[in-house]
Each structure stands twice: as structure tokens, then as C-alpha cells.
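Scope of the values below: all heavy atoms of this structure, side chains included, with no hydrogens, waters or symmetry mates. From a predicted model like this one, the values you see are computed outputs, not experimental measurements.
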Amino acid sequence: MKKVFAWILVLTLVVGMAAMASAMTMTLGHFGKSPDTGDPLGTAAQAFADKLSELSGGALTVDVRGDSVLGNAKEMIEQTQQGLIEACLVSQGTLDKFDIRYAFVTAPYMFSGYDQAYAVVDGPFAQWVNDGTLEAAGLHNIGAWDYGFRMLTNSVREVKTPEDVKGLLIRTPSEVQKVACFEALGATVQPLAFSELLPALKQGTFDGQENPIATIVSFKMWEVNQKYVSLTRHTWESVNLTVNNDWWMGLTAEEQGWVTEANEYAKGVMRGMIQEAEAYYVSVLEENGVTVTTVDLALFKAMMGPAWAAVSEYAGDTDGSMLQTFLEIVDSTNP
């Protein structure tokens, strides 16, 4: 009987050690806040981790590293590229350094709303860029989640039409898509680091700025003279679950299936939260005395020819063929 128990003990240890040896941890870096803050990115990243562990029975686990503890987006994508970490969540503005076609996703006024943006990045755009360009750089994009549309704020007047933007001094990031958008609308545009934005707005150095509505509310921009918010929805972008390509190719088909399914689940979580949060944030702005204005997007889109040309130039699209392809992709998804 003792021998039987001994063999059972040995077998248990062997099985346990084998399970430990086969378990794999995926380190996932991102810049969002922790889930307990209600941040959609942090919540979705943890949802991805939980779902992957569930699907794999613990064979694939995720070490989620948020709050930019692994560095900024550029640093995280480089770590992923080098295989120092397995994955990161970064925007199209980061991915376009490896495949310039991602620059067109954030060109202004490409999408009529969330549904069309999702249809483009999940469908024909994903097919267009699925030609090995990212993989040649050591990366593989599992899929686009969400980060929302960007809106315009200012301290001078209610912006209802493109004409209302003319003459305003607007702060943007240094990205060509944002700069070109507001130059096309007749604003004076000056890039500035976000860390310097609030003091500049308080001092009246700028009339306005643009950011996702969550950022506008989180930083209480009505306290720095931003009395008017226009739902211009001028640019949409998302975070993308991007992994090291060698790591991805080293997974079995079953393991890749788990990651893909967990990605779909987390994508749904974040997209739902982004849209629900937008309505909530509008109510918060109005409760704090901010004038929130819905605009006719078609009027603004009609002004974007020069901005699209600037994005095309940035992309090295000398004959305009890439821009034309992207516009055809967008048109194919029109509601």
C-alpha cells in the first residue's frame, strides 16, 4: 500500500511539474490606468488577461503592466519588437512607424461614427495591411480595440460650423493628422506637449485644444477656460494588441486561437465602455456649465482635402494611390 501511495505522489508531482513547464506568461504593456479607476483601457486589458487564462485553462497567463511602467508607446513597441516583452497596446500613430498605411486610419473625418470605424479596421483595412509588412519588422497586430473620437474645446465661442473655427489658436499634438485638420479649417495651430497644456490654457496662451472627451473631463478643462466643447469627432483612433511576431509564430494553432478569442472579448469590452462613457462625459460637462454642441460632420469633412493631402505626403504616397485605396475601403463600409 505504501508503494501505491508513493507512486501516486510521484505521479502527482510529475503532472504538476509538467503543467508548470507548459504554462506560458505573456507580458502585456500599456499606458492606461488600473481597472479600479474605471479606465476603459485598463479594464479591457485585464479582461483580456482573465479571458485568456480561462480559455487556456491557465496554460497562457498575462502579466498586465499598465500605467506606462514599461515606458512610453515608442519604448513599449521597441521592447515588443525585440522580444523583451510579448505584447503591448499601442495606437495607429505608433504602428505607422512600421507600416505607414496605419497613418490613414487617423486622418481626419474618415468615419461617420463608431460602427464605420470598427467595420474598416476589422475588415478591409485589416486585410489590406495583412501582407507581412509588420511581421517583417518583428511585429504582429492581433486587432484594434478602441480609444474614441477626439473633440474640440475652446474659450471664445460655440463652434457649430467650420466657419466658427477660423481664427482660433488651437493646440494640437505634433501629429500631422491633427495639425493639418485644423489648418484646413482655418485655425492657427501650434503643437505643444500635453504636460504643458493646462497651464497654457489657464494663461490664455491658446483659445482651445482637441482631445478625447474622456481626457477633457478627466482634466476638468472647464476650470482652464474651456467653456465650449464641440463634438467634432475629427479623428478616431484605437489601441492595437500588438505582439512579437516570433512569439506569435511559436504558438500552436490552438494557442493562437485562444489569444484571438480573448482579443475579441476584450475588444468588445473596451468598445462598449468607450461609447457608454462618451454619453456620460457629455452629461458631466453640461453639469459643469459647459456648452456642448453637436455639429454636422459632413460640413467639416468637406474641408478636409488639404488635410488628406498632407497625410498622404507624410506617408510618402507620391501618386496618392494609398490614400485612394483607403478612401475606397471607407466607402465600401458606408452605412
Side-chain angles (χ1 to χ4, degrees), residues 31 72-74 77 90-114 116-118 120-121 125 128-129 141 144-154 159 162 165 168-194 197 206 208-216 230-240 242 274 295 297-318 320-331 333:
F31 53 83
N72 59 31
K74 179 178 181 292
I77 198 74
V90 291
S91 72
Q92 282 85 5
T94 299
L95 292 181
D96 75 17
K97 307 306 183 290
F98 304 95
D99 184 340
I100 197 62
R101 291 171 292 183
Y102 281 91
F104 292 103
V105 175
T106 55
Y109 290 101
M110 284 294 177
F111 309 119
S112 60
Y114 284 104
Q116 187 178 31
Y118 301 157
V120 167
V121 296
F125 178 77
W128 186 34
V129 295
N141 185 8
W145 294 8
D146 205 344
Y147 205 54
F149 283 94
R150 298 174 77 93
M151 316 295 187
L152 174 67
T153 77
N154 84 95
V159 171
V165 180
L168 294 177
L169 177 56
I170 302 297
R171 174 269 175 190
T172 71
S174 58
E175 299 165 21
V176 64
Q177 292 91 335
K178 280 81 171 180
V179 173
C181 172
F182 286 97
E183 287 181 342
L185 293 170
T188 300
V189 182
Q190 184 175 331
L192 182 75
F194 183 81
L197 175 59
F206 292 89
Q209 62 84 52
E210 57 80 54
N211 256 301
I213 195 168
T215 302
I216 294 167
S230 293
L231 304 182
T232 48
R233 304 181 187 278
H234 49 275
T235 301
W236 177 85
E237 56 195 335
S238 68
V239 293
N240 295 259
T242 308
I274 288 288
V295 304
L297 301 182
L299 295 178
F300 287 77
K301 183 175 181 177
M303 306 286 290
M304 288 301 111
W308 291 354
V311 177
S312 192
E313 181 180 356
Y314 165 73
D317 184 25
T318 53
S321 59
M322 283 195 289
L323 173 61
Q324 185 58 39
T325 296
F326 190 76
L327 290 173
E328 289 171 1
I329 286 172
V330 173
D331 287 344
T333 62

Engineer: Restricting to ring pair (Phe, Tyr, Trp, His ring centres under 6.0 Å), what partner residues turn up for Tyr109, sequence neighbours left out?
Structural biologist: Phe300
Engineer: Just jot down the side chain to side chain contact (heavy atoms under 4.5 Å, CB included) partners of Leu192, sequence neighbours excluded, or say none.
Structural biologist: Arg171, Glu196, Ala200, Phe206
Engineer: With sequence neighbours left out, what residues match Thr172 under side-chain hydrogen bond (donor to acceptor under 3.5 Å, both in side chains)?
Structural biologist: none
Engineer: Glu328: what forms a side-chain hydrogen bond (donor to acceptor under 3.5 Å, both in side chains) with it, not counting sequence neighbours?
Structural biologist: Gln324
Engineer: Lys74: which residues meet the salt bridge (charged side-chain N to carboxylate O under 4.0 Å, His left out) condition with it, sequence neighbours left out?
Structural biologist: Glu78
Engineer: Once salt bridge (charged side-chain N to carboxylate O under 4.0 Å, His left out) is applied, do any residues pair with Asp99, and if so which ones, sequence neighbours excluded?
Structural biologist: Arg101
Engineer: Quick one: side chain to side chain contact (heavy atoms under 4.5 Å, CB included) partners of Thr94, sequence neighbours excluded?
Structural biologist: Ala73, Ile77, Val90, Ser91
Engineer: For Glu237, give me all partners under salt bridge (charged side-chain N to carboxylate O under 4.0 Å, His left out), at least two apart in sequence or on another chain.
Structural biologist: Arg150, Lys178
Engineer: Just to verify, what does Ala107 make a side chain to side chain contact (heavy atoms under 4.5 Å, CB included) with, not counting sequence neighbours?
Structural biologist: Met110, Trp308, Val311
Engineer: Only counting residues at least two apart or in another chain, list the ones meeting side chain to side chain contact (heavy atoms under 4.5 Å, CB included) with Thr325.
Structural biologist: Trp128, Ile329
Engineer: Only counting residues at least two apart or in another chain, list the ones meeting ring pair (Phe, Tyr, Trp, His ring centres under 6.0 Å) with Phe31.
Structural biologist: Tyr147
Engineer: Using a 3.5 Å distance criterion without hydrogens, assess whether the side chain of Gln177 forms a donor-acceptor pair with backbone atoms of Ala103.
Structural biologist: yes
Engineer: The criterion is ring pair (Phe, Tyr, Trp, His ring centres under 6.0 Å); which residues satisfy it with Phe104, sequence neighbours excluded?
Structural biologist: none
